[in-house]
Novice: 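After the structure tokens below, expect a handful of questions from me.
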Amino acid sequence: NSFTNLSNQLQPSTTHRAFTFTMKCCKHQSFRTSTSSSLLLLLLLSFVYSTSAFSTMASSSSSSSSSSARQQHEYPRPLHPGGFTFPPLVEDRLPIITSTKSSIPNEDVVEEGENILQTDILLVKPPDMESLWEWYAYTKHQSECDPSWGRVWPTALSLARWVLRSLHHEENAVAADEKGDDSTSEKEEDADDSTMLLEQATQALRTASHVVEVGCGLGVAGLAYASFLNDNIQSNDAQSNQRGGGQTRTITFLDREPYALHCVMASAATNGFDTSAISPPANQSNSDETEEASDAEKNATPSSAVTVRAAMDDWTLPPTTDDATNNDETTDGKTKNAASSIKNMCYQDLHCSNQSTLLVASDILYEPSSMTSLAQKLQRLLHPQNGGYALIADPKVERTTGCRDAFIQSVERLGGRVVMVPMPELQSDQMFGTRMRMNNGNNGRMMLLEGDVDIDGSLAEVVLLVVHFS
């Protein structure tokens, strides 16, 4: 075991043959029974280790662009050891990879007509749920805490992959239109109501100027959406501007846990997205200073295609209303919004400049008593006159039995519609080290991540709930 552990620390390119020779010596009977040979073995291992360290330093000085780059980008990378203000935090690289069928040629072809889609996001997060729980219990002395926001859940990964496929299909549709392909219109005529609702929600996702992730946790789905848009517009700016993709979109993350929102905003900044506070538009203010600031903002060029915002939100609290928004003063001279740092936000609180919103969420159906409040919350976050869509990824096997039915009934009582469609099933033979090979070389990419395994140790199955309020 010691030899094996040591071999894992050595550079394979410089020590493989020496270590193989050492292991062969250990298997030889006369070598194992000799004390002097054992000393020689230790000297040989020391020489191998020192040679590896020396060769590593030499290679980094001669070709710093390869060796040092790999060392600097080892993930997860520690960011904060943990203290009273912040929990322990790391920066991790999360590759969101999926495949989609397409008739348009692409460099990353797995099989004929199948493309690999990938976007990588840097995620600021706790190392794991266990260390986060220990920080809550022993540093913050909070016995009642919820560390569930500190991990990447399978539903969030499935929703992120679905978002990538949907945005990629938009490019295929544009290319098909340019070629005069009428297959899309024929499929729409044959589709049933549930399929049409899904298609309409997907189209809303592609064209939405404002996306809100409710109960975001680490914000995996929203960050993947932002990353794909940003990469696509930067790599193909002319084509994106032609179809209106050059406009800056806004993503707002909502969660009741302030540390989760801190991680989301830190992740957004780490990935190079623009960040902003949720503030009223310039035309709602009479201050000269605000007008000057708005003029400066208009002249400023955004550095990314997406602007990220965040706010604390709890749908179990009494909702804010238009009256409360316009008349926030209480008896003690303070405002209702200032009296509490968290509230049940509505559309007016988002300050969307009368733009339509699209909602995304994952793993939020877990408390039966709050399903009515959640349905009302989703309706209030959408445009008051135009309504809109919400896309919710949920485990196929419910977290709490009866939650999904209670939520659907609550939505229908409010005049909304819900359809449930299965997500593509993940294949277990793609797990952990099984890689799909592409025709552009011997390199492969992992489709599945550790987060695809649910808390019970099984490969999660996910369904998508499409909610529509008119």
Side-chain angles (χ1 to χ4, degrees), residues 69-70 72-80 86-98 116-127 149-153 156-168 205 208-237 240 245-255 257-278 300-311 358 360-362 445-446 449-451:
R70 285 194 299 267
Q72 291 176 1
H73 294 82
E74 291 181 355
Y75 296 106
R77 184 171 67 91
L79 293 180
H80 194 279
F86 292 112
L89 297 174
V90 299
E91 178 187 294
D92 203 0
R93 174 180 170 270
L94 188 67
I96 309 295
I97 307 176
T98 186
I116 286 292
L117 305 177
Q118 176 173 357
T119 186
D120 297 342
I121 57 177
L122 296 177
L123 208 61
V124 177
K125 58 184 287 291
W149 64 267
R151 69 157 287 177
V152 177
W153 291 93
L157 287 173
S158 295
L159 182 59
R161 294 185 181 111
W162 184 87
V163 167
L164 261 62
R165 290 192 298 270
S166 299
L167 295 177
H168 179 74
L205 172 70
S209 56
H210 196 119
V211 174
V212 182
E213 184 168 1
V214 183
C216 62
L218 294 174
V220 172
L223 291 173
Y225 171 83
S227 179
F228 185 89
L229 285 179
N230 202 49
D231 294 344
N232 180 60
I233 290 177
Q234 288 181 354
S235 62
N236 200 0
D237 187 55
S240 296
Q247 63 180 355
T248 301
R249 307 194 192 190
T250 303
I251 300 181
T252 302
F253 293 91
L254 302 179
D255 201 284
E257 177 53 62
Y259 297 109
L261 296 177
H262 170 81
C263 290
V264 169
M265 295 301 286
S267 299
T270 303
N271 286 277
F273 306 142
D274 292 332
T275 58
S276 174
I278 298 179
T301 303
S303 59
S304 70
V306 178
T307 300
V308 177
R309 313 184 305 173
L358 180 126
V360 296
S362 58
R445 299 180 183 177
M446 291 183 63
L449 302 172
E450 185 179 356

Novice: Closest approach of A221 and A160, non-hydrogen atoms and distance?
Specialist: CA-CB, 4.1 Å
Novice: Taking distance alone, no hydrogens or angles, what donor-acceptor pairs closer than 3.5 Å link side-chain atoms of residues 86-94 to residues at least two apart or in another chain?
Specialist:
unit_1	atom_1	unit_2	atom_2	d
E91	OE1	R77	NH2	2.9
R93	NH2	D120	OD2	2.9

Novice: When rounded to the nearest 0.5 angstrom, what distance separates OG1 in T250 from CG in D274?
Specialist: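 CG of D274 is found 10.0 Å from OG1 of T250.
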Novice: Can you list everything that forms a side-chain hydrogen bond (donor to acceptor under 3.5 Å, both in side chains) with W162? Sequence neighbours excluded, please.
Specialist: none
Novice: Show the nearest heavy-atom pair for residues L449 and R161, with the distance to one decimal.
Specialist: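 Reported closest heavy-atom pair: N-NH2, 4.1 Å.
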Novice: If you look only at distance, which donor and acceptor atoms sit under 3.5 Å apart when one is on a side chain in residues 262-269 and the other is two or more places apart or in another chain?
Specialist:
unit_1	atom_1	unit_2	atom_2	d
S267	OG	V124	N	2.8
S267	OG	C263	O	2.8

Novice: Strictly distance-based, threshold 3.5 Å: is any side-chain N or O of D255 a donor or acceptor partner for the main-chain N or O of E257?
Specialist: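 Such a contact is found between D255 side chain and E257 backbone.
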Novice: Find the distance between CG (D231) and OG1 (T119) and round it off to the nearest 0.5 Å.
Specialist: 4.5 Å
Novice: Working to the nearest 0.5 Å, report the span between OG of S209 and CG of L358.
Specialist: 10.0 Å
Novice: Out of curiosity, I96 CD1 to L159 CG, how far, rounded to the nearest 0.5 Å?
Specialist: 10.0 Å
Novice: Could you give all pairs that pass the side chain to side chain donor-acceptor pair (under 3.5 Å) test and reach residues 213-226, with sequence neighbours left out?
Specialist: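 Sorted pair list: Y225-R249.
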Novice: Can you see which heavy atom on I121 is nearest to which on L223, and at what distance?
Specialist: CG2-O, 3.8 Å
Novice: Tell me the closest heavy-atom pair linking A305 and N230, and the distance in Å.
Specialist: N-OD1, 2.8 Å
Novice: Looking only at heavy atoms, what is the nearest atom pair of F253 and L261, with distance?
Specialist: O-CD2, 3.8 Å
Novice: Taking only residues two or more places apart in sequence, or in another chain, which ones meet T252 in a side-chain hydrogen bond (donor to acceptor under 3.5 Å, both in side chains)?
Specialist: H210, R309
Novice: How long is the gap from CD1 on I251 to CZ on F273, to the nearest 0.5 Å?
Specialist: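 It comes to 7.5 Å.
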Novice: So which atom in G217 and which in A260 form the shortest heavy-atom distance, rounded to 0.1 Å?
Specialist: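 Looking at all heavy atoms of both residues, the shortest contact is O-CB, 3.5 Å.
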